[in-house]
Amino acid sequence: MSNFGERMCRTKAGRVFWLHVLNMPEPGTVEKSAPELVPVQPDPWADAARQASAQRQGATVTTPSSAWQMTEKTRSATTWKRIFRVFLIVVLSFAVISGVRSWFNPTQNQKSLSVPVSATFPTAAAGGVAERFAVNYFTWEEGNGTGRAAALSQDMAGSGEGTAAGWDGKGKQEAASPYVVGVDVHDSDKATVTVAVTITPYSRDPQDAKKWVVGKAQGMALEVPVRIADNRVIVTGNPGAVALPAPGKVDAPNVGTDDSQLTSATKEYAKQFFAAYGKDRDTSAITAPEANIPGLAGAMEFKDLTGWTVEQAGGDTRQGRATVRWAVGASTIEQTFTVTLTKVTGAGAERWQVSQLVGGN
């Protein structure tokens, strides 16, 4: 036991636990079995009072033969030890009770960590299935009904074989370029996916009934009901066509005050940068040190900088907005960019150079 106590007391925490929590004597010492005796000076006045009281009661009082009396060693230290023990017991009891409660009621912790079903629903997988189904659903050709049914059976519940899925078996139509517009999650395993596709109708040639004449392509949206079954996404029934949702409105970006002086001073440099950006792949000769902006390598030819402004705020790093006109073959197109300018100092001169380029603004 003494060896165990010595190992425990090698650390400060172990020493506190051994001496104050377990109330064990310090290793290497033997705790006295009897309380410590403290010498007390005799009080003649107290002795006289005891003798007078004994004489009235007919008893004989003898003066203690020893000047040593029993006294309490350190009552305050014992009290603090008891308080510390009670506190430790309360804390450990609370931890044990809380842990045992979670064993019998695990849903209590799950409720506090609950997340919406839309966050756990496999929207990417559902979107991919709905896109393929929408293309197969809107694609048909007279005389090839079995091919369309086989394509739909890849995703429809019950395989979907032998079903026309609402098509009367006549005419010709093609669908392409599907993309998910939105996913409306109903619960943990059901949702409705809205898919937009481009539909190209065909009609019979008036001169030759065996030939098809391509019509005008148009956009269409399809709401596809899906469900998670057997660890995969399936279409649970025939879909319905809906109007293609219009893009929502967004707030205009918060644009700071323009620095007209810096805008004018850097405009020619901006033209040089975009000319090199369109022509070359490596733009390090004209950009700020440590900037990494790969060029277009001749994919587009710079024609003009139709818009250029630099914001006033930002110190040695400023945000700029550029509108660039490019030549692409025999056509031209305008694009916008957000440019980060950084002040570069060297050889006793200062200049502003592009350190970052982001398409759009």
Side-chain angles (χ1 to χ4, degrees), residues 115 118-119 123-124 127-128 131 176-183 194-196 198 217 219 244-361:
V115 295
S118 58
T123 54
E131 286 179 343
S177 305
Y179 63 93
V180 175
V181 177
V183 179
T194 303
V195 181
T198 300
L244 189 64
K249 295 182 179 180
V250 297
D251 297 332
N254 186 14
V255 180
T257 305
D258 294 339
D259 188 334
S260 58
Q261 183 176 359
L262 186 58
T263 298
S264 177
T266 56
K267 187 173 183 178
E268 288 301 319
Y269 164 74
K271 290 181 179 180
Q272 296 174 12
F273 166 77
F274 281 106
Y277 176 73
K279 179 181 178 182
D280 303 326
R281 183 178 298 278
D282 184 4
T283 63
S284 59
I286 199 169
T287 57
E290 299 183 1
N292 183 18
I293 306 176
L296 302 178
M300 292 193 292
E301 180 184 357
F302 174 77
K303 299 298 292 183
D304 192 14
L305 184 67
T306 58
W308 175 249
T309 56
V310 180
E311 293 183 5
Q312 190 172 15
D316 292 344
T317 301
R318 305 288 186 91
Q319 293 294 321
R321 299 180 302 279
T323 303
V324 183
R325 180 180 298 160
W326 302 100
V328 185
S331 306
T332 61
I333 187 171
E334 282 192 348
Q335 295 181 337
T336 57
F337 297 87
T338 299
V339 181
T340 301
L341 293 175
T342 300
K343 182 186 290 187
V344 179
T345 303
E350 295 180 348
R351 62 186 183 276
W352 291 88
Q353 291 185 316
V354 176
S355 58
Q356 187 177 10
L357 181 70
V358 179
N361 56 32

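The two residues V339 and A322 have their closest heavy-atom pair at CG2-CB, 4.4 Å. In plain terms, the two heavy atoms of G278 and W326 that are nearest each other are CA-CZ3, 3.7 Å. Nearest heavy atom pair, residue P289 against residue Q353, reads CD-OE1, 3.8 Å. Smallest separation of non-hydrogen atoms from A291 and S355: CB-O, 3.7 Å.
Under 3.5 Å, the side chains of D282 and S284 contain a donor-acceptor pair of N or O atoms. If you check the side chains of E311 and T257, you find no donor sitting under 3.5 Å from an acceptor.
Atoms CG and CG, from L262 and L341 in turn, are 7.0 Å apart once rounded to the nearest 0.5 Å. Here the CZ-CG distance, from F274 to L357, works out to 5.5 Å after rounding to the nearest 0.5 Å. Note: W352 CH2 to T340 OG1 = 11.0 Å, rounded to the nearest 0.5 Å. One finds the NZ atom of K303 at 8.5 Å from the OG1 atom of T332 (value rounded to the nearest 0.5 Å). Rounded to the nearest 0.5 angstrom, Q335 CD and T306 OG1 are separated by 11.0 Å.
Between the R318 side chain and the Q312 main chain, a donor and an acceptor come within less than 3.5 Å of each other. Proximity of a side-chain donor or acceptor of T317 to a complementary backbone N or O of T342 within less than 3.5 Å is not detected. The backbone N or O of S260 lies less than 3.5 Å from no partner atom in the side chain of D258, so there is not a single donor-acceptor pair. No donor-acceptor pair closer than 3.5 Å links the side chain of R325 to the backbone N or O of E334. Side-chain atoms of T336 never come within 3.5 Å of backbone atoms of T323 as a donor-acceptor pair (strictly under, hydrogens ignored). Judged by distance alone, with hydrogens and angles left aside, the side-chain atoms of T283 form a donor-acceptor pair with the main-chain N or O of I293 at under 3.5 Å. A donor-acceptor distance shorter than 3.5 angstrom exists from the side chain of E131 to the backbone of V180, with no hydrogens or angles considered.
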- request: Using the side chain to side chain contact (heavy atoms under 4.5 Å, CB included) rule, take L305 and V324 through it: C-alpha gap first, then chi angles, then the decisive distance, then the call.
  value: CA-CA 5 Å; L305 184 67; V324 183; 4.0 Å; yes
task: Before giving the answer on side chain to side chain contact (heavy atoms under 4.5 Å, CB included), spell out for K279 and F302 the whole-Å C-alpha distance, their side-chain angles and the decisive distance to 0.1 Å.
output: CA-CA 8 Å; K279 179 181 178 182; F302 174 77; over 6 Å; no
message: Show, in sequence, the C-alpha distance, side-chain angles and deciding distance for Y277 and I286, and conclude whether the side chain to side chain contact (heavy atoms under 4.5 Å, CB included) test is met.
response: CA-CA 9 Å; Y277 176 73; I286 199 169; over 6 Å; no
